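A quick write-up on the structure given underneath.
Positions are given from 1, in the same order as the sequence printed here. These figures come from a predicted structure and were not determined experimentally.
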Amino acid sequence: MNVYKTRDIAELIYGNPYVGRGIVIGKSKDGTKAVGSYFIMGRSENSRNRVFNEQNGEVFTEPFDSAKVVDKSLIIYPAIRQYKNSLIITNGDQTDTIYHGLECGKSFSEALKSREFEPDAPNLTPRISGIINFNKSDFDYEMSILKSADEKGSACNRYTFSYSPLNGLGHFIHTYVTDGNPIPTFCGEPERVEIPDAIDEFTGKLWNALDENNKISLYVRYVDLETGKAENRLINKNKR
């Protein structure tokens with residue numbers, strides 16, 4: 001087994017009906033861009049009734065049709081926020097937990113000690129988070145997953161992964177392995193995936209590989225490491 005093998009993200013997820021919510025962070029092949037991406041999927045009508053909305057460089061999940069919202073507690077949240085030189089990406093309201101933790105001088109992992117998996121038994125969906133820390137024309141990044149220790153939700157296991165960026169390499173963490181009842185949660189280290197130079201190539205690969213019935217929204221950001229200029233792509237299945 002080659003532990004350093006890097007996969008094409010489209011080949012990795014194509015044909016998988018439900019990988020849930022996913023974060024990808026990495027560096028473009030030419031070494032000039034930091035890359036961050038987040039997508040959401042959904043099986044229920046309530047989960048599918050969402051769009052991404054970008055405001056001042058930050059990304060939020062919002063209801064597509066407010067009249068159809070049943071419970072917004074776990075589906076409406078800030079997904080991407082900027083704190084000074086750090087970009088925070090998560091699958092829940094722990095985005096704000098990390099943001100306020102950084103404000104108080106805490107590290108990424110320290111801020112998340114106050115949180116655990118989502119209270120949505122029997123699935124007990126993991127909370128996944130990522131942070132990109134920009135510094136001197138380069139960056140480093142961390143990823144986290146907070147998972148239930150057992151099927152009862154008796155305790156929370158916390159895993160944090162820290163990375164130095166390599167050209168063309170990204171790491172992909174997602175909430176679920178595939179569909180099921182209950183849904184099996186992500187296991188192991190974030191998966192190694194290829195990061196191309198072109199934002200449209202990466203966006204297209206990821207969006208087109210996600211299951212057509214269950215995909216909802218995708219956001220991709222490429223940040224030029226020399227100039228700090230960001231290029232973004234946002235796709236919503238639900239059109240306003």
Side-chain angles (χ1 to χ4, degrees), residues 20-27 34-40 50 52-62 72-121 123-136 138-150 153-165 170-176 185-191 217 219-221 223 225 228 230 232:
R21 287 163 276 174
I23 298 171
V24 183
I25 300 176
K27 196 174 195 179
V35 176
S37 179
Y38 179 58
F39 67 80
I40 57 175
R50 287 186 289 174
F52 281 170
N53 182 26
E54 184 175 10
Q55 303 173 24
N56 300 318
E58 299 186 331
V59 178
F60 303 83
T61 63
E62 294 184 350
K72 67 178 183 179
S73 61
L74 295 176
I75 66 169
I76 305 302
Y77 52 86
I80 298 175
R81 294 193 67 185
Q82 184 90 29
Y83 177 75
K84 294 185 176 180
N85 293 327
S86 296
L87 187 69
I88 305 162
I89 309 172
T90 91
N91 74 326
D93 62 11
Q94 73 267 25
T95 303
D96 285 341
T97 303
I98 297 167
Y99 185 96
H100 295 309
L102 297 178
E103 283 186 315
C104 295
K106 295 180 180 180
S107 68
F108 174 69
S109 59
E110 286 172 341
L112 285 166
K113 284 183 178 179
S114 65
R115 304 305 303 269
E116 58 179 30
F117 50 88
E118 295 181 354
D120 62 341
N123 296 318
L124 303 173
T125 300
R127 290 191 186 272
I128 55 172
S129 308
I131 191 168
I132 305 174
N133 301 304
F134 293 92
N135 52 77
K136 298 180 181 179
D138 209 348
F139 67 101
D140 56 57
Y141 60 103
E142 296 176 83
M143 305 183 95
S144 164
I145 184 166
L146 309 180
K147 293 183 54 174
S148 178
D150 60 19
S154 302
C156 181
N157 292 339
R158 306 168 188 278
Y159 306 89
T160 302
F161 307 89
S162 300
Y163 298 103
S164 297
H171 288 92
F172 174 36
I173 193 166
H174 42 101
T175 51
Y176 306 124
T185 58
F186 182 87
C187 297
E189 296 181 22
E191 296 164 316
S217 297
Y219 183 86
V220 178
R221 179 176 296 180
V223 180
L225 293 171
N232 306 320

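Summarising the geometry, atom CD1 belonging to Ile98 is positioned 10.5 Å from atom OG belonging to Ser107; distances are rounded to the nearest 0.5 Å. For the atom pair Leu146 CG and Thr90 OG1, the distance stands at 10.0 Å (nearest 0.5 Å). Considering CD of Glu103 and NZ of Lys84, their distance stands at 8.5 Å, rounded to 0.5 Å. Between the OG atom of Ser37 and the CZ atom of Arg221 there is a distance of 11.0 Å, given to the nearest 0.5 Å. Here Arg50 contributes atom CZ and Glu62 contributes atom CD; the two are 12.0 Å apart, rounded to the nearest 0.5 Å. The distance from atom CD1 of Ile88 to atom OH of Tyr99, rounded to the nearest 0.5 Å, is 7.5 Å.
Looking at Arg158, its side chain does come within 3.5 Å of a backbone N or O of Arg115 through a donor-acceptor pair. Side-chain atoms of Thr160 never come within 3.5 Å of backbone atoms of Ser144 as a donor-acceptor pair (strictly under, hydrogens ignored). In terms of modelled atom types and a separation under 3.5 Å, the side chain of Thr61 and the main chain of Ile75 share a donor-acceptor contact. For Lys27 (side chain) and Asp138 (main-chain N/O), no donor-acceptor pair under 3.5 Å exists by modelled atom type. Judged purely by atom type and a 3.5 angstrom limit, Thr95 uses its side chain to pair as donor or acceptor with the backbone of Pro78. In this structure a side-chain-to-backbone donor-acceptor pair under 3.5 Å is missing from Arg21 to Ile128. With hydrogens and angles ignored, the 3.5 Å screen pairs a side-chain donor or acceptor of Asn91 with a backbone N or O of Pro126.
In the model, Tyr83 has no side-chain atom that pairs as donor or acceptor with a side-chain atom of Arg81 under 3.5 Å. Thr125 and Tyr176 share a donor-acceptor pair across their side chains, judged by distance under 3.5 Å alone.
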For this session: Run the numbers on Leu87 and Val223 for side chain to side chain contact (heavy atoms under 4.5 Å, CB included), then give the verdict.
Result: CA-CA 11 Å; Leu87 187 69; Val223 180; 5.5 Å; no
For this session: Could you please spell out the steps behind the side chain to side chain donor-acceptor pair (under 3.5 Å) verdict for Asn133 and Ser86?
Result: CA-CA 4 Å; Asn133 301 304; Ser86 296; 2.6 Å; yes
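In plain terms, the two heavy atoms of Gly153 and Ser148 that are nearest each other are CA-OG, 3.2 Å. Gly36 approaches Ile89 most closely through the heavy-atom pair CA-CD1, 4.0 Å. When all heavy atoms are compared, the tightest approach of Ala111 to Gly101 is CB-CA, 4.0 Å.
Exactly one of Phe108, Phe134, Tyr163, Phe161 qualifies for a ring-ring contact (aromatic ring centres under 6.0 Å, His included) with Tyr141. That residue is Tyr163.
Proximity of Ile145 to Thr185: side-chain heavy atoms (C-beta onward) are nowhere separated by under 4.5 Å. Looking at heavy atoms from C-beta onward, Ile132 lies in side-chain contact with Ile25 at the 4.5 angstrom threshold. In this structure, the side chains of Ile23 and Tyr38 come closer than 4.5 Å at one or more pairs of heavy atoms. Within the 4.5 Å cutoff, the side chain of Tyr219 has heavy atoms near those of the Ile80 side chain. Taking 4.5 Å as the limit, every side-chain heavy atom of Val24 sits out of range of all side-chain heavy atoms of Val35.
Heavy-atom contacts from other residues, nucleotides or ligands closer than 6.0 Å to CD of Glu189 number 12 or fewer.
The existence of a salt bridge linking Asp93 and Arg127 is confirmed by a sub-4.0 Å separation between a basic side-chain nitrogen and an acidic carboxylate oxygen.
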